[in-house]
Amino acid sequence: MAMTLAEPKVKVDRAWQMYIDGKFVDGGSVRELINPADGKVLCKVQEGTAEHAKKAIDAARKAFDEGPWRTTSASDRAAMLFKIADKIDENAEELATLETMNGGKPLREARYDMADAAQCFRYYAGLATKPSGQTVEVPAPSVTSIVREPIGVCGQIIPWNFPMLMAAWKLAPALAAGNTCVMKPSEYTPLSVIRLAELLHEVGLPEGVVNIVLGAGPTVGLPIAESTKVDKIAFTGSVKTGKVIAQAALTNLKKVTLELGGKSPMVVFSDFDVDIAVDYALFGIYCNAGQVCSAGSRIVVDEKIHDEFVKKMAERAKKIQVGPGLDADTEMGPLVSEAQYNRVLEYIEVGKKEGAKLLCGGTRAEGKNLEGGYYVAPTIFSNTKPEMRIVQEEIFGPVVVIQKFSDEKEAIALANDSQFGLAGAVFTNDITRANRVVKAIRAGITWVNGYHSTFNECPWGGYKQSGWGRELGTFGLDAYTEVKQININLEPVAVEWFKN
Ligand code: ADP
C-alpha cells in the first residue's frame, strides 16, 4: 500500500519551557526528545532541578494562601474552565499533532484524546457550581453544615501514554475545587502539556495557580512528592513509582491518590458472538499499542470457543496496519520510547522461554516507513499458565495472553488471579451470568459486552495494587477537597461546665 506521510502542520522546532508563577522559564539543562516513529531527534526541551520544583511549589503556595483562586466564586472558576475547554477545542488539531509526534499514537487516537480533555474541563466546570454540602439536624439549638473546601497545593505527576488527557483529569477537578497545582508531565512526552500551559496563560488563569515543571522523576517529581508545602499528590504511572510516591508523601502525611497498573481480564463466554468478542479484544489490547493502564491484556476464554477465537483474533491482529502516527492509514503506532520497546521485546522473549505458544507477532514490526521507529508487531500468546510472568506482570505493549476456562467458577478464579484490579470485562448474552460475573470481578472499572469506554462522569481507579482512590466523576472532585463540618450555636448561653 502506498504510504504518504502527512506533512506535520505543527512547528516543534521552537522554545519549550517550564511554566512557573505565570512565566515561561528555562531550567538550565536541555533534553532532546526523540520521535518514536523514526528514532530521530524531534526537538529540545528545557528541564529543571529540585530548585525549580521548589519555586513552582512556592508559587502555588502563594497563589493558594494569598492569591485570588481559592476565594473566587465557583461560578468564576467554572467560567475559567469553560474557557480552557474552548481553547483546547480551538487548538485541538495542533495539540493532537503534537501528541502524535511526541508519543507516537495514531492521530485519530490523539484527536479523540483532545476532545475528551476539553469535555473533562467542561464536566468539572459544570460540577463546580453544583451543591456539594449538606446540613445535618443535630440536637438543638445548633445546626451543622458540612462543606467541601479545596485541599491546597496539589502535586500532580503524570505518565507518557495519555499526556493531555491525564493533565485534564488532574487539573480540571483540582481547579474546579479551588486548589492550585504543580504538575510534572513525563520527561518523554511534555509537549502537549507545555502547549496547554500556554493556553492557560492566554485565557488569563492567575499566576501561580498552575505551574508546570519539567524533568526526570527522581529530579523534579520526587521533590514535589516529598515537599511539606504540598498538601496532596496525585500520581498516575507504574506500581513501582507509585510506591515511591506514597512513601515520599509521608513527610507531611499529604493526601495521596494513585492510579497504577493493571493486567485486566476480558472473560468471553461461548454464548457470545465470537467475531464481536474478537473485535473488542483487538480494541482492548492494541489501542495505543497496548500502552493503556486498563488494556485488556488477558483474555479468559471459554474452552468451547477457544480455538475459533484465537484463530480469528490472530488472523485479524496480523492485518493491523502498523505505522507512523501521522500516516492516515495507521491503525497502531510505535511504542513511546526505545526503553519501552526493549522492555516489551524482552517480555516476549520471557513468554517464549516460559513455554507459551506464540500465535502471531513476537518481533519488531517490519514494513515501509518503519525504519528506526519503535514498532512491535501485534502479539498473541496462547497455551499460558497462570503463574507465567507474561500472565502476571504488566507488559504495557501490544502483547496479549490467552487463558482457557471450562466453567464460570474457573473463569472468575482466573480473572481475579492478579495483584492488580484496575479493569475487567465479561462478554455473554446471559444477563444473569453477566451480572454474577461482573460483580465477582475484583476491579474498579468493569464492562459488560464492551471495552475501554471511559466517561468523564464516572469514577476511574483500581482495587488491589492498581491504586488508591478514584478520579473522574463526582469522586474525582471529592478527591480534591477536604470535608469541613461547621456547627453553629443558634442560641448562645453560658455553658456553665465549670461552676466558678
Ligand atoms: P514508566 O516507568 O512507565 O515511565 P513511571 O511510573 O516511572 O512510569 O512514570 C510516571 C511518571 O512518574 C513520570 O512523570 C515520571 O517522570 C515520574 N517518576 C518516575 N520516577 C519518579 C520518582 N522517583 N519520583 C517522582 N516521580 C517519578
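Counting convention: from 1, in listed order, for ligands and their atoms alike. One-based numbering along the sequence shown. What you see is a predicted model; the values in this text were computed from it and never measured.
- Side-chain atoms of D26 never come within 3.5 Å of backbone atoms of Q17 as a donor-acceptor pair (strictly under, hydrogens ignored).
- Checking only distances, I158 does come within under 3.5 Å of ligand 1, N or O to N or O.
- Residue contacts with ligand 1, taken as heavy atom pairs separated by less than 4.0 Å, do not involve I224 at all.
- Remark: ligand 1 and S238 share an N or O pair separated by less than 3.5 Å (distance only, no angle test).
- Of all atoms in ligand 1, numbered sequentially from 1 with element shown, those under 4.0 Å from a heavy atom of G237 are 6 (O).
- Contacts with ligand 1 closer than 4.0 Å are made by side-chain heavy atoms of F235 only, the backbone lying farther away.
- Taking OG1 from T454 and CZ from F162, the interatomic distance works out to 8.0 Å, rounded to the nearest 0.5 Å.
- The side-chain contact (heavy atoms from CB on, under 4.5 Å) with D231 is formed by just one residue from the set L253, T180, I151, N179; it is I151.
- Note: Y374 and Y341 have tilted aromatic rings, judged against thresholds of 30 and 60 degrees for the angle between ring planes.
- With respect to atom 4 (O) of ligand 1, the closest heavy atom belonging to the protein is W160 NE1, 3.0 Å.
- Nearest non-hydrogen protein atom to atom 23 (N) of ligand 1 is V244 CG1, 3.8 Å.
- Of all atoms in ligand 1, numbered sequentially from 1 with element shown, those under 4.0 Å from a heavy atom of E187 are 15 (C), 16 (O).
- Taking both residues in full, the closest heavy atoms of P36 and P334 are given as O-CB, 3.4 Å, listed atom of the first, atom of the second, then distance.
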Go through it in stages, so that I can follow the logic: the residues are D58 and K54, the test is salt bridge (Lys or Arg N to Asp or Glu O under 4.0 Å), and I'd like the CA-CA distance, side-chain angles, deciding distance and then a yes or no. CA-CA 6 Å; D58 287 344; K54 192 173 166 298; 3.7 Å; yes
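- To the nearest 0.5 Å, atom CG of residue L175 and atom SG of residue C181 are 4.5 Å apart.
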I'd like to know whether K105 forms a side-chain hydrogen bond (donor to acceptor under 3.5 Å, both in side chains) with Q291, so could you lay out the CA-CA distance, the side-chain angles of the two residues, the decisive distance to 0.1 Å, and finally the verdict. CA-CA 10 Å; K105 66 176 63 187; Q291 303 166 114; over 6 Å; no
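- The shortest N/O to N/O separation between Q340 and ligand 1 does not fall below 3.5 Å.
- Where the criterion is an N or O separation shorter than 3.5 Å, residue side chain and backbone included, T236 fails it with respect to ligand 1.
- In this structure, F381 and M388 have side chains that are not in contact, with every pair of non-hydrogen atoms separated by 4.5 Å or more.
- Close approach to L222 involves these atoms of ligand 1, each under 4.0 Å from a residue heavy atom: 24 (N), 25 (C).
- Considering each of P223, S186, S337, G217, the one bringing a non-hydrogen atom nearest atom 22 (C) of ligand 1 is G217.
- Within ligand 1, the atoms closer than 4.0 Å to a non-hydrogen atom of I245 are 25 (C), 26 (N), numbered from 1 in the order shown.
- Protein heavy atom at the shortest distance from atom 21 (C) of ligand 1 is T241 CG2, 3.4 Å.
- Of all the heavy atoms of I157, the ones lying under 4.0 Å from any atom of ligand 1 belong exclusively to the side chain.
- Atom OG in S418 sits 5.0 Å away from atom CZ in R298 (nearest 0.5 Å).
- Atom 9 (O) of ligand 1 is never approached by the protein to below 4.0 angstrom, counting heavy atoms only.
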